[in-house]
Every structure is written in structure tokens, then in C-alpha cells.
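Here the structure comes first, spelled out in C-alpha cells, and everything after it is commentary.
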Amino acid sequence: MFQTEQETIESKIKSLCAEKGIPLADLEWKPIPFSGEWGISTSFFASAALEARAGKKIVVPKRAQEIAEQVKDSLGAAVGISHVEALKGYLNLYFDTADYARRVVDTVLEQKDCFGSGPATGQRVMVEFSQPNTHKAFHVGHLRSAILGDALARIIEFAGYAVVRANYPGDIGLHVIKWLWAYLKYHKGEEPETDITQWMGKVYADATRRLEEEPDLEAEVRAVYARWDKRDPEIVTLWEKTRQWSLDGFNQMYSALGIRFDKYYFPSGEEEAGKGIVEELVKRGIATDERSQGGAVLVKIDEVLGLTKEQYRTAVILRSDGTALYATEDLALVLHKFRDYPDLSRSVYVVDVRQSLHFTQIFKIMEIAGYEQAGQCVHVAYELVTLPGNVVMSSREGTVVLLEDLLREAISRAKEEAHKKNPSLDGEQLEIVAHAVGLGALKYPIVARENTKLVTFDWKAALDFNGQAAPYIQYAHVRCNSIIKKSKVESQKSELQPATFDYNLHPAEIQLIDLISRFPSEVQRAAAEYKPLIIASNAYDIAKAFAGFYDACPVVQAEAQIRAARLRLVAATKYTLANALALLGITAPDVM
RNA sequence: GCCCCUGUAGCUCAACGGACAGAGCACCUGCCUUCUAAGCAGUAGGUUGUGGGUUCGAAUCCCGCCAGGGGCGCCA
């Protein structure tokens, strides 16, 4: 946020070192740790190391400190800097607090719900996420892609990109055929109940159970697959109807979760194009057609690339009977997305880590085939949500926690808690709070965790509203709102007064302002690294700093000048918290 | 056999190659006639799995090993 003064000082240091013949390495600027004071810091270890490598006999840390001192002595007065310190090889520049504090707070209050957003890059990014299978239950295991992908889409958009939110529900494949077979044979004419995805899951579980009991029935399933492949009207019609049931069910889930999509792709829609690509790959000698020997069509990627060590291995891209695999469809999908959005600069796939090799293969094959778009495809892998004891949720095994159940439970628990904590909440207000808190508690553990780390789901943790969790951050937001409300009542004014921070700021205030000022750069980092965790941490840190401020610094009771300044700081905190939570797909209530 | 991920306080997790590795939970001690205690302050808790290497500096980068999880030609 203070790029210009950083650059001014940096160029000053550069010319200074040039004068003295000190070979200066690149300077990196960071906040000064061990706060209480506020500023930026850089070190001279790299420069000292350069000298050492050039043959000078020096002790690096000592020399770094010498350089820091020299720079400090000849730097003179710099605009906006109150004092300079050379310590342990570091050069610490402490901000002129009043000036910087005012700038940070003014900036937030000016930009409001845009504070933290990056300038428009003019680039478009597609984020594909969720990809639930139709004809199956929607359970907690599916939650991560939905929540993570949603947060990433929000963050990337806020960072300055035009975002296309894409979904790719698995609407065809063996699981669907199995479902259709069981429906025709055992459930014909039945219709879904209120919890659609749950009912779909029941039929699917029934199919698997019957097939396990009587493996001979597989032949019937294969027959249904053949009918599908020949576009048998009865099968196609049934498939269309039942598929829609699933999609309706998903929409219920998405709207409950506050997630939306701009664009839907379906494997079924990519089958034909995919087969075309396979044919092309065979013709061009990239793929090997082993069907005449009873094999499948495959690409021996390592062989094609002339690699001796196995790396990309072999990918099967068409079944021996000529039917399409997900790989077939994924080949086509790569191109389909760029056909729909020719200006796409990146195509992001938020899919679980078990499919890493699959995507590496798909993108590599397309690259070999000369489709440059493959270079713009990124697989963002995440780990699964498992049950205690490392049990993977599986619709087949019936080891699932249904999303319907979890949502209901989380919201009802939140309602209970909210009523207990604040009995004055009633009716619609209580409902709003319960939703915000229940959903927040559900989403936070997912977005606040490293993508590559496993999340173990257990009811106790999911419904724990204390400590490092969404409700803590939401509560800070509520307290901000509370202070503002109170001040309005007392002063009978609705507008914030201009104010300066021309007083002795409390360390808690400095800490808070410091963290707020970092939010915009954290947004950029989170977008670049595909890590909502960065936002979740920043939001929590701000909430924590605010809690400290709340305790140590009276606002409404403070004398006029300080009161005006703190009121602005509180308003700025409120915006920052709300913006950060919004990026995580979590709403910030005004009361709770 | 090959590849990927993970290993940090009792537990769950943080920490752009930088200064004293930080939170939460649990435990213990305080704090509500003052802006909502879903809160605050304090105590305690660590050879960052292990052995080397690179570096002025390593939880972070490289190599070996150990442990757990995942992937590897017709599932998605």
C-alpha cells in the first residue's frame, strides 16, 4: 500500500550504495515484526554476501549491520518516516504513524466494499469446480470442491480478473447407467422426495447392493450402456428426466450454500467431440489403436516424448468397445472452454488430488497434439474430506454424511447458540444470523486450511463456534457495527466525521491498521497461489487485533478528536472484515 | 517398482529463505453497574519425523532414510 515511499527510499539507498561502491543486491521489503510500532524493513545480508563472494574478507552479519548503519546515517530525513533504525543487519523504517494511519483508514472508507480489490487486469479466467456426479447423493465429501472453488472464484475476481464460474457435473458414465438400470428394473415410476439428491443416492446405493449380491446382473447393465450408446429413445428420455432431478437437487444445495455458476459443461456433451479428437490422434500417430487386438485406444505419452524414465505413463482415451471415457471427454472439454471464451487467459480445474495424473496426461496429450491452450490449463488439487479414522466418504459404501443433514444441523445448532447468546434476537433476524453463523462455521475450516491437507470431518469440530473460526470473525464485525450504531444514536449524526490520527496511538490500534493495510496485497497473493487460506488468516488476524483494540480503546466514550478517529478506524475494520469474509463465501451479519 | 502429498506444542492447524516458530482447542489464574463475555489478559506447553547438504541465515530449498495417505492402460 505504500509502494511510492518504498520506491523513493529504495532508489535513495541505491544511489547511496553506488556512491560508496557497495554492490547492492535486490532489496526485499517486509513489515517490521514484533510490532507495537509500524513500518517497513529490509536487510543487507544479500549485499554483504555478494561482497564476501567477490573475495572480501568479511563476516556477513557484521558487514550487513555496517551497511545498514551507513545507509541509516546518510539517508537523512525521508517523507513519512519518523525514525530509522539499523539493527542486526536490518534497516527498519518506522512510519510517521498519524499520517499513515489516516491514509489507510481514508482509503478503506473511500473504497468501501471495493477495498482490497485489484485493478482490472483485462484478463479472463475460468474456474471450474464442484463437478458432482448426477444420480448420486451430494455429501460432505463434495463440499470441499464447491466451497474451495467458490472462494477461489471470488478471490480471483476481486483480484482484478473477469471470472467464469463453470460446473461440470458427471452426467454420464458407468454410475449413471447403473442407476438407470436399477430404476427401470426396481423403481420404475417412482419420483424423488423433497431431499432430491438423497433420494437419488438411495436408488444408486440400491443398484450397487443388488449388483454385489448378484454379479451376473452386470450383463444387464452393459446392455443398458449399449442402448445408451445407440441413443435408444427410452434410455435417452429417462436419462434426461432423471438427470434433471439431480441437477435440481444440486441447485437446492448450491442456493443453500450461496454458490452460483455462469456456465455448465457436461461429459455427455463432450462425448462426440472427444471421439473425434481420439480419431485425429490415432491418424496422426500420437495415439495407438489396439482395438483390433481386443485392446483400447491409448497414448503412450512417455514413448511419444522419447522419455526413458516413466513420467506421464500411458493414458487410455477410449474403451475397447469404442465408448467414451472421462478422459475422452476431458480432451474435448479443454478446447470447448476456449471456443466459448476465446479470450480466456487461464482455465483452472479445481479437482481433488487423486486426479493429478489424469490432468497431467490430458494437458500433455493436448500439448503434444499442438493445442496451445493446454499450456493455460491449471489443475488446482485439493485433498479429500474424510471421516474420523481416515474413512473416505463413499456413496457406494454408504459412509456418507449427507449435505442436507449437515446444513440443517449446523443452522439449527447456530440458531440455538444465537438465541442463548443474544435472547433479543427474534424471527427473521434470528434466522439470518443462524444461516450466516451455521454456514460460516461449515465453510471456514475448509477455506482456512492448506488445499493439500486432509480435512477430517467430525460433528463436534464442525459445530464448534468458538475460537479460531468464522463466528469469531463475524462477531468482530458485529461489534464494529455495534459501536457505529451506538455512536450514531449518541451524536445523532449518520455521517463519519473527517479525522486525523494526531494522537498517541495505542499499540492495538497500530496493529489493527497495519493488518488492514496488508489486505490488498494478501488478495493478490491468494489469487496467484490459489489459496483462500491466506485470506482466512488475514481475516482472523484482523478480527483478533480488533478484539484487542475493542478491549483497550474506548471509542464512544473517548474525547471528541480521538473518538472521531477511532470511529473511522472501526468503520474501516468493518469494511475490511466484511470484504474478507465475502471472499470466503461467508456473510458478515450486523448483529448476532 | 515409479510418481505425488503430508509429518511443527497433548490435539487441530499457521508461519513470501530472514530477527525471539505463532494461533485455537484442552488445562490452570484473573476480568461483565463502561461500545454485545461467540470476548479480553495472564500461566504452561517445541532437539519443526530423522541424518546429511546448500546458504551469511533453513520448518521452508536439495539428497538419503522413517512413518502415514494417495495415484499408476479401458472408474470418475
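Just so we're on the same page: letters track the sequence lines, and every chain starts at 1. Only a predicted model underlies this, so the values are computations on that prediction, with no experimental measurement involved. All values below come from the heavy atoms of this structure, side chains included, with hydrogens, waters and symmetry mates left out.
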- Message: In terms of relative ring orientation, are Y204(A) and H175(A) parallel, tilted or perpendicular, with 30° and 60° separating the classes?
- Response: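 Rings of Y204(A) and H175(A): perpendicular, as their planes differ by over 60°.
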- Message: Measuring from the side chain of Q468(A) (C-beta onward, heavy atoms only), which nucleotide among G24(B), C40(B), C35(B) has the closest atom?
- Response: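 Looking only at side-chain atoms, Q468(A) lies closest to G24(B).
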- Query: Out of A76(B), A14(B), A38(B), which nucleotide sits closest to the side chain of Q355(A)?
  - Reply: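 Within the option list, the nearest is A76(B).
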- At under 4.0 Å between heavy atoms, what does V353(A) touch on the DNA or RNA strands: base, sugar-phosphate, or nothing?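 Contact class for V353(A): none.
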- Select base, sugar-phosphate, or nothing to describe what G170(A) touches, counting heavy atoms under 4.0 Å on all strands.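 Since no nucleic acid heavy atom lies under 4.0 Å of G170(A), the category is nothing.
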- Query: Given that A52(A) and E417(A) both sit by RNA chain B, which one's nearest nucleotide is further toward the 5' end?
  - Reply: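 Mapping each residue to its closest nucleotide by heavy atoms, the 5'-most match is E417(A).
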- Query: How do P61(A) and A296(A) order along RNA chain B: which one's closest nucleotide is nearer the 5' end?
  - Reply: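 On the 5' side of the pair lies P61(A).
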- Query: How far does the P atom of G24(B) sit from the matching atom of U50(B), given to the nearest Å?
  - Reply: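 To the nearest whole Å, 26 Å.
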- Task: Runs of at least three consecutive Watson-Crick or G-U pairs, both distances under 3.5 Å, are what I'm after; which ones involve RNA chain B?
- Result: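 Result, WC/G-U stems under 3.5 Å: B:1-7 with B:66-72, B:10-13 with B:22-25, B:28-31 with B:39-42, B:49-53 with B:61-65.
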- Query: Does S41(A) get its side chain close enough to the base of A19(B), under 3.5 Å, for a donor-acceptor pair?
  - Reply: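 Flag set: donor-acceptor pair detected.
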- Query: Quick one: do D321(A) and R319(A) make a salt bridge, cutoff under 4.0 Å?
  - Reply: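 No salt bridge links D321(A) with R319(A).
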- Item | R566(A) to F549(A) six-membered ring, cation-pi geometry met (6.0 Å, 45°) |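 Here R566(A) fails the 6.0 Å and 45° test against F549(A).
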- May I ask you to check if R144(A) and Y382(A) form a cation-pi contact, with NZ or CZ under 6.0 angstrom from the six-membered ring centre and within 45° of the axis?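 Relative to the ring axis of Y382(A), which defines the angle, R144(A) lies outside at least one limit.
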- Message: Could you tell me if N92(A) and S41(A) have a donor-acceptor pair between their side chains, going purely by distance under 3.5 Å?
- Response: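 Short answer, yes.
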